[in-house]
2 protein chains.
Amino acid sequence: MPAKRSPARRPTMKDIARRAGVSESAVSFALNGRPGVSEVTRERVRRVAEQLGWRPSTAARALSGEGAATVGLVLARPADTLGVDSFFLQLVSGIQEVLAERHLGLLFQVVEDVPDECAVYRRWWAEHRVDGVLVVDPRTDDPRPDLLDELGLPAVVIGGAPDERHSGLSTVWADDAGAMASVVEGLYALGHRRIVHIAGLSGLAHTERRIRTLRAEARRRGLTGVESITTDYSDAEGAAVTRRVLDSAAPPTALIYDNDVMALAGVATATELGFSVPADVSVVAWEDSALCRMVRPWLSALSRDTMEFGRTAACELTALLDGGPARTVRVPVPRLIERESTGAARGA
Amino acid sequence: MPAKRSPARRPTMKDIARRAGVSESAVSFALNGRPGVSEVTRERVRRVAEQLGWRPSTAARALSGEGAATVGLVLARPADTLGVDSFFLQLVSGIQEVLAERHLGLLFQVVEDVPDECAVYRRWWAEHRVDGVLVVDPRTDDPRPDLLDELGLPAVVIGGAPDERHSGLSTVWADDAGAMASVVEGLYALGHRRIVHIAGLSGLAHTERRIRTLRAEARRRGLTGVESITTDYSDAEGAAVTRRVLDSAAPPTALIYDNDVMALAGVATATELGFSVPADVSVVAWEDSALCRMVRPWLSALSRDTMEFGRTAACELTALLDGGPARTVRVPVPRLIERESTGAARGA
DNA sequence: CAGCCGTACTAAAGCGCTTTAGGCTGCTTC
DNA sequence: GAAGCAGCCTAAAGCGCTTTAGTACGGCTG
């Protein structure tokens, strides 16, 4: 029962060749579906390989120009910020699903900031480690697309804006603008006129898109008590900002939070301050998760299929690796799930 | 501004050799700190390499027997279970910190179950992809240690019990038993006699350890209204079990939840049923996170430094890769942070 | 001054795979 | 009946690195 210490050598193509009585090249042809071997030989080689439990060495493959069979994903977030965030694991989970199918590995790294992230790309590229990368949290004035383009590393930007300037980059994006517009429309219909958007990290492309759209929608309707305030996504800042805006002379009647964590913290804070949700103030969370059904009132939230988002991104990347053209694909607009935290504005 | 399509060839040792006017082997010696070159040559080679931006190709390195400079981590959880869980990203974050220092990559994969996980290990091993792995969520009767031992793949088990049977495996573990004992002791001191433990996944080593300890502590004190109920860690099951136990004739006065998500769901459920926390029922969460301070009452929780846990594990693995002996190291016992959700038992 | 040794370096093989350039059959074609 | 041509297969080079074996040279010894 205690396992024996067997050195357990991995079989190589040479072993297969010997056992099958053919040359190594024949084995290579056979196993890769290339012409140059008869069907019966091919089958025999396949059987031997199978029986020996052979798997190609990625190192050797990579070295002979086939690529590393690996894609990279780096997360640039200060370590403590990535605590309670369902988004990433879900996304990764979706990504994996399609990568696993193709036997592609996922090299994962978390770093502090974007410059570090760029350094990682350079290193991965120089070390031949990855065939392509998935870029998350695109920013306004992002240096990463230029870098990846320069390195010739295929990439798909997740959540970016459509980008025609970079030939090797695909983009998978959600229509934040449309979602924001529909949320504002809904709140407006409920009588809300003073709306505060507790946004995420300033500089993130989607944050800025949401802010711009909110502003535009407000202007279009002649609303003046509308603003966006950026945060670091943490519950602490979410609570602090909530406290601040509710403490003002003319507090907002609706709050839009850029993630579920802040929304939760916001509701708790509002309640503490004596505001009743949704009677005094409506709350909507941008990002749905179990959290939203874990407090009363249940949070109305913008929901989207994050795993599917990941799957789509991974598909685009594999397409790129197969030599396909860069594309821009839009995933469905997040839908607003109305639960208990939104209601008519007081006095409307 | 639109990036130019430069093929951007990676420099190789041959390039360095040419520029420095020495042989490739000299370059190798110089760059790897091996004897056989003079100091001045070594320095010259280093400068040329630097200036060319050279980085060793991991593929080539791996092929010539140096290992893949990569460690693996696979997460065996049904995709939807890993939603709201701060634990993993934190752990990974800590792991990365020490891996990055040594320029080791982290190959990451999420799969459905343990058999799939084993298949991944076999594949990684056969494909020469990783030099070692980190194993999480050890189980009772776990097939993984035997497998890894057989493959000769260095590994550290995170959260396992000490294990002397496997020579290549290190273990990093937290003293769940001690923590459980202290929690029970605290609750007992507050007058609690009927305690229910809403546990995590049955079959996980630490789940079983906690359950065993709880039972032992109860017996020692002659308590009869004490039990553990296993769940899938989800808020849904947490809520369901809470509802069930509180609905009984003699409901418990204290609840111990194996994660923060279930604890939160539990508090919400209890409140809904008309139980006041902590007046009617005390709640403690096993695993502290921002969540615990996001609802009122704030949750008392067992807190530990998860990033540090990850760091420790990664250190052990690098030690193993350096040829060190397998070890068993214990991380600090989780500390109970008393917040608002625990109090004296009613009538005590 | 032959013989020896240590230092600084080079040549070449090998890791496991892909791929190009042949080689050898046996068949058609004029 | 010789040239041409498939079809099937092998030999060998090459990917970028490490490592072993070997060479050249200067200085030491006896």
Side-chain angles (χ1 to χ4, degrees), chain A residues 7-46 48-49 52-70 103 123-129 131, chain B residues 7-46 48-49 52-70 103 123-129 131:
Chain A
R9 215 178 55 82
R10 302 145 166 93
T12 74
M13 289 195 8
K14 191 179 284 177
D15 299 322
I16 301 178
R18 190 163 31 225
R19 294 267 286 245
V22 294
S23 72
E24 272 187 72
S25 356
V27 173
S28 178
F29 294 148
L31 261 17
N32 293 318
R34 297 217 192 300
V37 284
S38 66
E39 261 325 304
V40 338
T41 308
R42 190 184 298 278
E43 204 36 60
R44 182 158 40 95
V45 168
R46 276 216 189 98
V48 174
L52 253 41
W54 178 85
R55 297 247 69 213
S57 147
T58 37
R61 270 238 162 105
L63 197 51
S64 38
E66 288 295 273
T70 305
H103 288 233
R123 206 153 55 68
W124 280 353
W125 172 79
E127 293 178 353
H128 264 282
R129 263 181 186 283
D131 301 330
Chain B
R9 214 178 55 84
R10 302 145 166 94
T12 74
M13 288 198 3
K14 192 180 287 179
D15 299 321
I16 301 179
R18 190 161 31 224
R19 293 268 284 245
V22 292
S23 72
E24 271 187 73
S25 355
V27 173
S28 178
F29 293 149
L31 262 16
N32 292 318
R34 296 215 195 302
V37 284
S38 65
E39 261 324 303
V40 335
T41 308
R42 190 185 299 277
E43 203 39 56
R44 182 157 41 95
V45 168
R46 276 215 189 101
V48 174
L52 253 42
W54 178 85
R55 296 247 70 213
S57 147
T58 36
R61 271 240 161 103
L63 197 50
S64 39
E66 288 295 272
T70 305
H103 288 234
R123 207 153 55 69
W124 280 353
W125 172 80
E127 293 178 354
H128 263 283
R129 261 180 187 284
D131 300 330

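Since we're looking at a predicted model, the values are computed, not measured. The sequence lines fix the lettering, A, B, ..., with proteins before strands; numbering per chain opens at 1.
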Point to revise | Along DNA chain C, first and last positions that approach a heavy atom of chain A under 4.0 Å | key: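 First-to-last contact on DNA chain C, by the 4.0 Å heavy-atom rule, is C:dG16 to C:dT20.
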
Where [X] and [Y] come nearest, the two heavy atoms and their spacing:
X       : Y       : answer
A:Ala26 : A:Val37 : O-CG1, 3.8 Å
B:Val27 : B:Ala17 : CG2-CA, 3.6 Å
B:Ala60 : A:Leu63 : CB-CD1, 3.8 Å
B:Ala62 : A:Ala59 : CB-CB, 3.6 Å

Review point. Per the end-axis method with five pairs at each terminus, what is the bend angle of the helix from C:dC1-D:dG30 to C:dC30-D:dG1, to 10°?
Key: 60°

Practice item. Please tell me if the side chains of A:His103 and B:Arg123 come closer than 4.5 Å, counting only heavy atoms from C-beta onward. Key: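 Touching, per the 4.5 Å side-chain cut-off.
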
[X]: partners by side chain to side chain contact (heavy atoms under 4.5 Å, CB included), with sequence neighbours left out:
X       : value
A:Ser64 : none
B:Glu43 : B:Arg46, B:Arg47
A:Ala20 : A:Val22, A:Arg44, A:Val45, A:Val48
A:Thr70 : A:Ala68, A:Leu107, A:Val130, B:Leu107, B:Arg129

Review point. So what does B:Arg42 hit on the nucleic acid, given a heavy-atom distance under 4.0 Å: a base, only sugar-phosphate, or nothing?
Key: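 Nothing, no heavy atom under 4.0 Å.
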
Review point. Checking all strands, does B:Gly36 fall into the base, sugar-phosphate, or nothing category for heavy-atom contacts under 4.0 angstrom?
Key: base

With a 3.5 Å cut-off and sequence neighbours excluded, list the donor-acceptor pairs that the side chains of residues 28-35 of chain A form with protein atoms.
{"residue": "A:Ser28", "atom": "OG", "partner": "A:Asn32", "partner atom": "ND2", "Å": "3.4"}
{"residue": "A:Asn32", "atom": "OD1", "partner": "A:Arg61", "partner atom": "NH2", "Å": "3.0"}
{"residue": "A:Asn32", "atom": "ND2", "partner": "A:Ser28", "partner atom": "O", "Å": "3.1"}

Each nucleotide N or O in nucleotides 4-6 of chain D that has a protein N or O under 3.5 Å away: list the pair and distance.
none

Review point. What are the residues of residues 22-35 of chain A, sorted by number, that bring a heavy atom to within less than 4.0 Å of DNA chain D?
Key: A:Val22, A:Ser23, A:Ser25, A:Ala26, A:Phe29

Check your understanding: Is the backbone N or O of A:Glu127 less than 3.5 Å from a side-chain atom of B:Thr58, with the two atoms forming a donor-acceptor pair by type?
Key ->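 Flag set: sc B:Thr58 to bb A:Glu127 pair under 3.5 Å.
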
**Study point:** Partners passing side-chain hydrogen bond (donor to acceptor under 3.5 Å, both in side chains) against B:Thr41 (at least two apart in sequence or in another chain)
**Key:**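 Partners of B:Thr41 by the side-chain hydrogen bond (donor to acceptor under 3.5 Å, both in side chains) criterion, ordered by chain and then number, come out as B:Ser38.
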
Check your understanding: Please, which pairs that meet salt bridge (Lys or Arg N to Asp or Glu O under 4.0 Å) have at least one residue in residues 16-32 of chain B, sequence neighbours excluded?
Key ->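 Applying salt bridge (Lys or Arg N to Asp or Glu O under 4.0 Å) to every pair that reaches into residues 16-32 of chain B, excluding sequence neighbours, yields B:Asp15-B:Arg18.
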
